[in-house]
A.B. asks: 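Structure incoming, see below.
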Amino acid sequence: IGTTQPPNAKIFDAHTICDASGPNGSYTATFGCTNMEGGAQGCVGGLYGKTGKYVGRGGGTTWMGKDGVGRGTGQWSD
């Protein structure tokens, strides 16, 4: 899901919200992304546990890529 922000308070070029689920539970990842030179994009965000082993947990995530292909990190903080 893409979201927008007020034009007078632009921090990121895009916002994204993703829900993920599997046998261990479900969580939401939210990202703020900045467009960079050469078509690359860099993103930072948070993880929010909803069910299963993730419930009540939080964490952070990063991503860097181009044309939807890239690499990132994710870490649960508690």
Side-chain angles (χ1 to χ4, degrees):
I1 300 171
T3 63
T4 61
Q5 59 193 336
N8 63 345
K10 185 177 176 186
I11 297 172
F12 296 108
D13 294 311
H15 289 100
T16 302
I17 302 167
C18 301
D19 288 324
S21 63
N24 291 322
S26 64
Y27 62 91
T28 296
T30 60
F31 295 91
C33 300
T34 301
N35 296 331
M36 301 163 68
E37 289 186 33
Q41 192 173 57
C43 307
V44 295
L47 301 170
Y48 308 94
K50 300 192 305 186
T51 66
K53 79 175 201 174
Y54 306 114
V55 71
R57 297 181 75 190
T61 185
T62 64
W63 185 84
M64 171 68 183
K66 184 176 179 180
D67 299 326
V69 178
R71 293 181 185 215
T73 63
Q75 178 72 43
W76 292 102
S77 61
D78 49 354

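Quick caveat, the model's predicted, so the values are computed rather than measured.
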A.B. asks: To check you understand the geometry: which heavy-atom pair defines the closest contact between Leu47 and Ala29, and what is its length?
C.D. replies: CD2-CB, 3.8 Å
A.B. asks: Can you name the closest pair of heavy atoms from Trp63 and Gln41 and give their distance?
C.D. replies: CZ3-O, 3.7 Å
A.B. asks: Can you spot which of Asp19, Val55, Thr51 makes a side-chain contact (heavy atoms from CB on, under 4.5 Å) with Ser26?
C.D. replies: Thr51
A.B. asks: With a 4.5 Å heavy-atom cut-off, do Phe12 and Val44 have their side chains touching?
C.D. replies: yes
A.B. asks: Could you grab the distance from atom OG1 of Thr73 to atom CE of Met64, nearest 0.5 Å is fine?
C.D. replies: 13.0 Å
A.B. asks: How would you list, by chain and number, every residue that makes a salt bridge (charged side-chain N to carboxylate O under 4.0 Å, His left out) with Lys53, sequence neighbours excluded?
C.D. replies: none
A.B. asks: For the side chain of Lys50 and the backbone of Thr28, is there at least one donor-acceptor N/O pair under 3.5 Å apart?
C.D. replies: no
A.B. asks: Do Phe31 and Ile11 share a hydrophobic cluster (ILVMFWY, side-chain heavy atoms under 4.5 Å, transitive)?
C.D. replies: no
A.B. asks: Scan for disulfide bond (SG atoms under 2.5 Å apart) pairs involving residues 40-78, sequence neighbours excluded, and state none if there are none.
C.D. replies: Cys33-Cys43
